[in-house]
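Below is one structure; the comments refer to it alone.
All values derive from a computational prediction rather than experimental measurement. Every chain is numbered from 1 and lettered A, B, ... according to where its sequence line falls, protein lines coming before strand lines.
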Number of protein chains: 2
Amino acid sequence: MTSPAAFAATAVLLADPARAAMLTALLSGEALTAGELARVAGIGAPAASAHLGRLVEGGLIAVHPQGRHRYHRLASEEVAAMLETLGGLTEAVSPARRWPHGEAFRTARLCYDHLAGRLGVALHAGLTGRSWIAPTAGGWVVTAAGEVGLAAMGVDLDAARAARRFACDCMDWSERRAHLAGGLGREIAACCLRRHWLTRIPAEREGDPLARRRLRLTPEGARRLGEALGIAA
Amino acid sequence: MTSPAAFAATAVLLADPARAAMLTALLSGEALTAGELARVAGIGAPAASAHLGRLVEGGLIAVHPQGRHRYHRLASEEVAAMLETLGGLTEAVSPARRWPHGEAFRTARLCYDHLAGRLGVALHAGLTGRSWIAPTAGGWVVTAAGEVGLAAMGVDLDAARAARRFACDCMDWSERRAHLAGGLGREIAACCLRRHWLTRIPAEREGDPLARRRLRLTPEGARRLGEALGIAA
DNA sequence: CCTGTCCTTCGCCCGGCGGCGAAGCGCCGA
DNA sequence: TCGGCGCTTCGCCGCCGGGCGAAGGACAGG
């Protein structure tokens with residue numbers, strides 16, 4: 001545990017509407033430029049620059065300069081997990097202030113680089129229920145059965161193992177249950193998108209910080225995931 | 001998901017050192033008076049009163065007046081889960097600022113009203129691994145085997161079922177895995193404390209916001225939990 | 001009823017933070 | 001080499017929030 005002061009220092013970064021909008025937008029897993037983030041937050045370039053500087057300083061986001069552009073993304077899956085949980089808390093504390101697109105959002109969405117929502121939780125339950133993954137200290141490992149099953153699905157397990165964390169839990173705010181994060185969660189999501197089992201739902205209006213996080217399960221995807229892991233649409 | 005503005009409004013409440021100290025102290029599950037919380041936060045009574053008013057207003061804590069005293073406690077387990085996760089984020093983002101008592105803290109501690117740390121995660125793994133609990137929409141239910149096993153341990157399942165949530169996951173920041181919250185988590189912790197399988201470790205110095213959250217497994221507890229659920233000390 | 005205690009409300013000051021416009025810097029393309 | 005563009009830095013202002021001291025209710029005990 002960190003000291004309460006350090007605790008608060010991190011929370012300060014989340015406590016501004018403009019920064020919250022930026023972080024929410026980055027929760028799609030994409031890297032966005034400073035200008036895009038300024039538009040999402042509804043502020044000018046100077047203010048956005050100051051906010052981004054503080055977020056980088058605080059270790060919440062990382063910068064990747066490319067020519068004239070500076071791309072920003074969340075620094076780690078820990079940050080994504082934090083944002084998910086804080087969203088859930090806000091939901092629990094003031095349910096009246098719900099986001100209009102909330103319901104569709106609960107079905108299937110991206111949480112940084114892995115799957116969340118009812119689909120993400122069902123995936124987690126399917127993997128543990130069929131013993132494709134087994135608990136270990138600080139996370140999960142793949143069993144022999146899981147090795148076969150995931151490879152058959154087309155998941156790149158080597159890429160997953162190259163990640164800093166292979167597999168760990170991430171709290172799902174809408175389901176109040178854990179879904180799967182880490183390299184394995186990322187590769188499963190990538191596999192589903194690559195094979196068009198899942199598709200992104202395009203944004204309806206400019207500047208929606210939740211845009212591009214929404215996902216839709218295709219008929220093909222429903223069939224394949226149902227066969228492999230017993231996941232119902 | 002809530003709107004980023006609402007999101008930030010909640011985060012503001014966590015973003016002050018004094019409020020963070022208060023919330024950290026309340027994470028022991030105890031109800032504390034305004035005066036005690038003022039001392040924990042290192043501020044005067046007027047400032048503490050203002051902070052507590054905002055925390056109540058924001059739905060993070062609840063008040064129980066008793067005579068001249070006003071007892072404050074965390075409003076819900078959602079709040080506790082949030083604080084756990086935010087603590088983990090801070091840990092991940094700035095490991096250098098670690099709390100001195102961190103290591104002992106990771107072994108076994110209270111998270112609001114249930115068990116956390118390595119012990120809490122091992123409990124969760126034991127319950128799922130032996131299929132004493134099974135996943136359901138938004139949480140967990142007890143299986144027939146679990147009904148028998150938990151009753152034999154002395155857990156009051158009726159009391160657990162009376163809670164708003166019977167069993168759900170709560171992210172453990174130190175293990176990066178879920179531990180068990182909800183009525184069942186609370187009753188299991190209560191059972192372990194009642195039967196002296198776990199004991200609280202007294203605070204070393206006044207005003208430590210982490211005091212009374214630390215737990216120690218007794219030899220008896222290690223034996224009983226090992227027999228019932230395969231949990232190693 | 002009076003006193004002490006606990007807590008809140010009020011009034012005040014100050015520091016910090018968020019916003020913008022203007023100017024400066026760096027990179028791309030012609 | 002020279003605009004154009006993206007982003008940052010600088011200077012400035014306004015405001016909100018946190019702190020305290022003093023005063024004002026509420027409650028227990030004699």
Side-chain angles (χ1 to χ4, degrees), chain A residues 3-26 30-58 60-73 206-207 209, chain B residues 3-26 30-58 60-73 206-207 209:
Chain A
S3 76
F7 182 106
T10 304
V12 163
L13 298 175
L14 313 172
D16 175 85
R19 288 195 292 267
M22 290 174 166
L23 291 168
T24 304
L26 290 172
E30 299 173 296
L32 301 175
T33 66
E36 288 172 314
L37 289 168
R39 273 190 296 277
V40 166
I43 56 178
S49 181
H51 284 308
L52 290 170
R54 293 186 63 183
L55 289 171
V56 171
E57 172 90 12
L60 296 193
I61 66 177
V63 193
H64 304 277
Q66 267 181 37
R68 303 187 271 197
H69 298 277
R70 302 194 68 183
Y71 284 92
H72 299 78
R73 60 184 319 134
E206 172 86 25
Chain B
S3 75
F7 183 107
T10 304
V12 164
L13 298 174
L14 312 172
D16 176 84
R19 286 195 293 267
M22 290 174 167
L23 291 168
T24 303
L26 291 173
E30 298 172 298
L32 302 176
T33 67
E36 288 172 313
L37 289 167
R39 273 190 297 277
V40 165
I43 56 178
S49 181
H51 284 307
L52 291 170
R54 293 185 65 183
L55 290 171
V56 171
E57 172 90 13
L60 296 191
I61 66 177
V63 194
H64 305 276
Q66 266 180 37
R68 298 186 280 196
H69 298 278
R70 301 195 67 184
Y71 284 92
H72 299 77
R73 61 184 318 133
E206 171 88 26

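Side chains of B:Arg70 and B:Leu52 form no contact here, defined as non-hydrogen atoms less than 4.5 Å apart. Between A:Leu14 and B:Thr10 there is no side-chain heavy-atom pair separated by less than 4.5 Å.
Dashed line: the shortest gap from a side-chain N or O of B:Arg54 to OP1 or OP2 of D:dG18 is under 4.0 Å. In this model, the phosphate group of C:dG18 is approached by a side-chain N or O of A:Arg19 to a distance below 4.0 Å at OP1 or OP2.
To the nearest angstrom, C1' of C:dC7 lies 12 Å from CE of B:Met22. Spacing between atom OH of A:Tyr71 and atom P of D:dT8 amounts to 14 Å, rounded to whole angstrom units. Look at CZ on A:Arg68: it is 12 Å from P on C:dC27, rounded to the nearest Å. Rounded to whole angstrom, the span from the CG atom of B:Leu52 across to the C1' atom of C:dC6 amounts to 13 Å. Summarising the geometry, the separation between CG on B:Leu55 and P on D:dG18 is reported as 10 Å, rounded to the nearest angstrom. Whole-Å rounding puts the A:Ile61 CD1 to D:dC7 C1' distance at 14 Å. Atom pair B:Leu13:CG and D:dG17:P shows a separation of 11 Å (rounding to whole Å applied). Put simply, CD on A:Gln66 is 15 Å from C1' on D:dC7, counting in whole angstrom units.
With C:dC28, C:dT5, C:dG18 as the choices, the nucleotide that has an atom nearest any side-chain atom of A:His51 turns out to be C:dG18. Relative to the side chain of B:Ile43, the nucleotides C:dG21, D:dC20, C:dT8 differ in distance, and D:dC20 lies closest. Among the nucleotides D:dT8, C:dT9, C:dC7, the one closest to any side-chain atom of B:Pro46 is C:dT9. The side chain of B:Asp16 lies closest to D:dG18 when the candidates are D:dG18, D:dC27, D:dG4. Considering only side-chain atoms of B:Ala45, the nucleotide from D:dC7, C:dG4, C:dT8 that sits closest is C:dT8.
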Might you work through the side-chain contact (heavy atoms from CB on, under 4.5 Å) test for A:Leu13 and A:Arg54, ending with a clear yes or no?
-> CA-CA 7 Å; A:Leu13 298 175; A:Arg54 293 186 63 183; 4.1 Å; yes
Show your reasoning for whether side-chain contact (heavy atoms from CB on, under 4.5 Å) applies to B:Met22 and B:Ile43.
-> CA-CA 11 Å; B:Met22 290 174 167; B:Ile43 56 178; 4.2 Å; yes
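Across all strands shown, B:Ala34 has heavy atoms under 4.0 Å from sugar-phosphate atoms exclusively, and none from any base. Within the nucleic acid shown, A:Arg70 comes within 4.0 Å of sugar-phosphate atoms alone, with no base atom in reach, counting heavy atoms only.
Remark on DNA chain D: of its neighbouring residues A:His69 and A:Ala50, the 5'-side contact belongs to A:His69, judged by nearest-heavy-atom nucleotide. Nearest-nucleotide positions on DNA chain C for B:Glu36 and A:Gly67 put B:Glu36 closer to the 5' end.
A donor-acceptor distance shorter than 3.5 angstrom exists from the side chain of A:Arg19 to the backbone of A:Val12, with no hydrogens or angles considered.
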